[in-house]
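Please read the structure below before turning to the comments.
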There are 2 protein chains.
Amino acid sequence: MAVPSSPSIETFSPAASPLFLREDEVRRGVELLFFGYTRLTRSVDELLVEHGFGRAHHRALYFIARQPDLPVSALLKILSITKQSLGRVLNDLAAKGLVETKAGEVDRRQKLLRLTEEGAAFEAQLFEALRTGLSAAYAAAGQESVTGFWRVLEGLIPEDERQMVMNLQGRGR
Amino acid sequence: MAVPSSPSIETFSPAASPLFLREDEVRRGVELLFFGYTRLTRSVDELLVEHGFGRAHHRALYFIARQPDLPVSALLKILSITKQSLGRVLNDLAAKGLVETKAGEVDRRQKLLRLTEEGAAFEAQLFEALRTGLSAAYAAAGQESVTGFWRVLEGLIPEDERQMVMNLQGRGR
DNA sequence: AAGATACGTCAATATGGCTGTCCCATCTTC
DNA sequence: GAAGATGGGACAGCCATATTGACGTATCTT
């Protein structure tokens, strides 16, 4: 299917058309992303199932841990899901005592989300699984590779959303 | 929650404990993976919805395109889902004339999967969306970064599965 | 006072996983 | 050639997670 891989194609100077890279390089990235991402999250999934939760619960826990006192609307933007979907998840987490809310002080319509002590402990446990996997990959690849890893992934995020992601990481740019 | 970010922690020589990296670096990777992966697949998702398919259909199409005459069992291993789940997807694809099967020649119990012409055309269209996104990110990051990107992702895949992924890419090693 | 906003909730629907069970055709082994 | 293992398919039912649309309430803004 299109662009057969040829050992000599590189002599066509890849830099000439950087936006139309060899199919193989793109497929490689797609596949590594797919397998890498799913394998990283596998250990987390197992922990979640043991506690009767799913991935959606983890995502909520994760970002609430990351930004305590996050209003619901902000979490909705981060997750790009509907109010209804998030509602169910938050109700589950609140029912198990992992998340609590308080009214916003400046705007009392807002509910600010934060983890309870149990919630924080659970999130930390889940995070440990992520750390174990990613740390090993980072260490095996080396710091330079990690930088490249970040750079490419940043490039996958559309301009208008990149700022939001960077803000999470305390990198106002 | 563990390991507060301190500006001076780097003076503890990060190479000393490469398996226990700073929390921030791990969280950064997790977040970039999450947002990068979902944003890359967004454009594909839209195309799929227009045609009445979901992500599961794309995954099947993708790997069948990648390895024509793939037996069902091989696809099951790649996708790590159950026979029943895959069965539904393959029936959908066959019903719409995108996938066809033939009996294996060495083992006639096998059904070898391949795309029809329409299937190949559709897969190519979906792939273009991936290429557009990834190529731009590759180009913006530069070849060195791309290598690092690959290296880290490879490290996320457990030893015993890495070979399978490499085989997809015609890299018997 | 009117309207917009933040949040919640009810109801219905779709997707894509899962388990368990049973079946058939074919290959392998003895 | 019979017994068992394997590749594939199918039925039934369940669960998690997402969707849309409609509506309600409290609070903020104008």
Side-chain angles (χ1 to χ4, degrees), chain A residues 34 37-38 41-42 44-64 69-96 99-114, chain B residues 34 37-38 41-42 44-64 69-96 99-114:
Chain A
F34 173 66
Y37 186 74
T38 59
T41 52
R42 241 182 208 179
V44 176
D45 287 346
E46 287 163 15
L47 281 173
L48 286 167
V49 170
E50 288 172 22
H51 292 255
F53 292 119
R55 285 189 191 184
H57 300 92
H58 181 216
R59 289 199 283 270
L61 280 175
Y62 182 97
F63 289 110
I64 296 171
D69 288 334
L70 194 66
V72 172
S73 58
L75 186 51
L76 282 175
K77 258 183 214 157
I78 289 170
L79 297 175
S80 303
I81 59 175
T82 58
K83 203 168 43 158
Q84 292 83 341
S85 298
L86 180 57
R88 229 186 332 102
V89 168
L90 288 181
N91 284 339
D92 291 349
L93 293 173
K96 297 227 187 175
V99 165
E100 60 189 5
T101 64
K102 66 177 182 195
E105 297 200 349
V106 290
D107 185 338
R108 285 179 42 214
R109 291 172 304 177
Q110 291 185 328
K111 285 202 179 172
L112 306 184
L113 301 161
R114 55 164 56 234
Chain B
F34 172 66
Y37 186 74
T38 59
T41 52
R42 240 181 209 181
V44 175
D45 287 347
E46 287 163 16
L47 280 172
L48 286 166
V49 169
E50 288 172 21
H51 292 254
F53 292 117
R55 284 189 192 184
H57 300 93
H58 182 216
R59 289 198 282 270
L61 280 175
Y62 182 98
F63 289 111
I64 296 171
D69 287 334
L70 194 68
V72 172
S73 58
L75 186 52
L76 281 175
K77 257 183 214 156
I78 290 171
L79 297 176
S80 303
I81 59 175
T82 60
K83 202 166 45 156
Q84 293 83 340
S85 298
L86 180 57
R88 243 181 318 108
V89 169
L90 289 181
N91 284 340
D92 291 349
L93 293 174
K96 297 228 187 175
V99 165
E100 60 190 4
T101 65
K102 66 177 184 196
E105 297 200 351
V106 291
D107 185 340
R108 286 180 39 216
R109 290 172 304 179
Q110 291 186 327
K111 285 201 179 173
L112 307 184
L113 301 161
R114 54 163 57 234

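The basis for the numbers below is simple: all heavy atoms, side chains too, and nothing from hydrogens, waters or symmetry mates. Chain A is the first sequence line, chain B the second, and so forth, proteins listed ahead of strands; every chain is numbered from 1.
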Any base atoms under 4.0 Å from B/Arg88, or only sugar-phosphate, or nothing? Heavy atoms, all strands. base
Would you please test B/Leu48 and B/Thr41 for side chain to side chain contact (heavy atoms under 4.5 Å, CB included) and show each step? CA-CA 10 Å; B/Leu48 286 166; B/Thr41 52; over 6 Å; no
Once you measure the plane-to-plane angle for A/Tyr37 and B/Tyr37, does it fall in the parallel (<30°), tilted (30-60°) or perpendicular (>60°) bin? parallel
Mind checking if B/Gly87 touches a base, just sugar-phosphate, or nothing, with heavy atoms under 4.0 Å? nothing
Taking all heavy atoms of B/Leu93 and all of B/Ala60, pick out the closest pair and write down the distance. CD1-CB, 3.9 Å
Give me the atom names and distance for the closest heavy-atom approach of B/Ser80 to A/Arg42. OG-NH2, 3.2 Å
With B/Asp69, the side chain to side chain donor-acceptor pair (under 3.5 Å) member among B/Arg114, B/Lys111, B/Gln110: B/Arg114
Measure from CG on A/Asn91 to P on C/dG8 and round the result to the nearest Å. 8 Å
Calculate the interatomic distance between A/Asp45 atom CG and C/dG16 atom P; express it in whole Å. 18 Å
Check whether any side-chain heavy atom of A/Val99 lies under 4.5 Å from a side-chain heavy atom of A/Val89, and answer yes or no. no
State whether B/Thr82 places a side-chain N or O below 4.0 Å from either non-bridging phosphate oxygen (OP1 or OP2) of C/dC18. yes
B/Arg55 CZ to D/dT17 P, straight-line distance once rounded to whole Å: 14 Å
Bending between helix ends of the helix from C/dA1-D/dT30 to C/dC30-D/dG1 [5 pairs per end, 10° resolution]: 30°
In whole Å, I'd like the distance from the CG atom of A/Leu113 to the P atom of C/dA6. 14 Å
Under 4.0 Å from OP1 or OP2 of C/dG8: is there any side-chain N or O of A/Lys111 that close? yes
Distance check: side-chain N/O of B/Ser85 vs OP1/OP2 of C/dG16, anything under 4.0 Å? no
Counting only side-chain N and O atoms of B/His57, is one of them less than 4.0 Å from OP1 or OP2 of C/dG16? yes
Find the distance B/Leu76:CG to D/dT6:C1' and express it as a whole number of Å. 13 Å
From CG of A/Leu79 over to P of D/dA18, roughly how many Å is that when rounded to an integer? 8 Å
Can you see which heavy atom on A/His51 is nearest to which on A/Lys96, and at what distance? O-NZ, 3.3 Å
Nearest whole angstrom, please: distance from the P of C/dA14 to the CD1 of A/Ile81. 20 Å
Do the non-hydrogen side-chain atoms of A/Arg88 and A/Asn91 ever get within less than 4.5 Å of each other? no
Per-nucleotide protein contact string for nucleotides 20-30 of chain C, where B marks a base within reach and S marks sugar-phosphate only (heavy atoms under 4.0 Å, - for neither): BB---BBS---
Spacing between A/Leu86 atom CG and D/dA16 atom C1', to the nearest angstrom: 15 Å
So how far is it from B/Leu113 CG to B/Leu61 CG, rounded to the nearest 0.5 Å? 10.5 Å
With DNA chain D as reference, determine whether B/Leu112 or A/Arg59 sits nearer its 5' end, using the nearest nucleotide of each. B/Leu112
Write down the atom of B/Leu90, the atom of B/Val72, and the distance for their closest heavy-atom approach. CD1-CG2, 4.4 Å
Look at all strands and tell whether A/Ser73 reaches a base, only sugar-phosphate, or nothing, counting heavy atoms closer than 4.0 Å. sugar-phosphate
